[in-house]
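See structure below.
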Amino acid sequence: MFVTFEGPEGAGKSTLIAALAVEFEQHGRRVVRTREPGATSFGTEVRRLLLEGDNLSAETELFLFLADRANHVQRTLLPALREGAVVLCDRYADSTLVYQGYGRGLDLAFLRRANEFATGGLRPDLTLLLDLDPEAGLARLDSKDRLDREPIEFHRRIRAGFLAETKLDPDRWILIDASAAPDRVLAQAKEAILRQLSGEGGE
Ligand code: TYD
């Protein structure tokens, strides 16, 4: 089963994913934790360019994220899914739609096609949106990368973009209030994934 985690900066995705992995592994599930950008050795190079690079245009940025994604799907995601793992992925195609589309203003229809191309059509079974006010999220960060340093209006478009996307495909998205206590966020996420797993006949 393929689960992705999305949300603005500082929403606590990585902490949540780590806690979920422990829970599912304790129940005998094989779990693969991964992320975009930067899960493969190729991706590590791309991630450095993306997060530390100087003066990247929206178009350049887009193709770097897509290159990372294509490699990640082929090298990590498809093999893990074929083995029946529960794959917990920190950001995926929705981040491109939202950051490069709603955030940078690139054409959404084009981005949807580009994602389809890069992923070979691999879509998440479930996507958890950790929704949070961008000021609160940015205040939680210890250090800021190139994208974190964008003006607050950019981060407001990101939040609005994610919320708009949930409305287009409500069956796939689970909206979670990331300002709630961590154990409550974990409980909600766990329940949503278990529900999906039981719907798939335990697969
Ligand atoms: P990261 O440090 O992984 O951020 P986070 O912990 O918030 O996930 O940095 C990834 C950054 O890249 C984040 O600001 C979101 C952005 N991003 C895009 O703009 N487009 C994309 O397709 C992806 C995957 C990430």
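Every value quoted in this text rests on a predicted model; they were computed, and no experiment measured them. Note: hydrogens, waters and symmetry copies are ignored here, and every other heavy atom, side chains too, is used. When a ligand or atom number is given, it counts from 1 through the structure's own listing order.
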Looking only at protein heavy atoms, which one is nearest to [atom], and what is the separation?
| atom | answer |
| --- | --- |
| atom 25 (C) of ligand 1 | Phe65 CE2, 3.3 Å |
| atom 6 (O) of ligand 1 | Lys13 NZ, 4.0 Å |
| atom 22 (O) of ligand 1 | Thr96 OG1, 2.5 Å |
| atom 20 (N) of ligand 1 | Gln100 OE1, 2.8 Å |
| atom 2 (O) of ligand 1 | Arg47 NH2, 2.9 Å |

Please work out, at 4.0 Å between heavy atoms, whether the side chain, the backbone, both, or neither of [X] comes within that distance of ligand 1.
| X | answer |
| --- | --- |
| Leu50 | neither |
| His72 | neither |
| Leu147 | side chain |
| Leu51 | side chain |
| Arg35 | neither |
| Glu61 | neither |

(message) Do Arg69 and Tyr92 form a cation-pi contact, if we require the NZ or CZ to be under 6.0 Å from the six-membered ring centre and within 45 degrees of the ring's axis?
(response) yes

(message) Does this structure show an ion pair linking Arg157 with Glu150, if we count only N-O contacts that are shorter than 4.0 Å?
(response) no

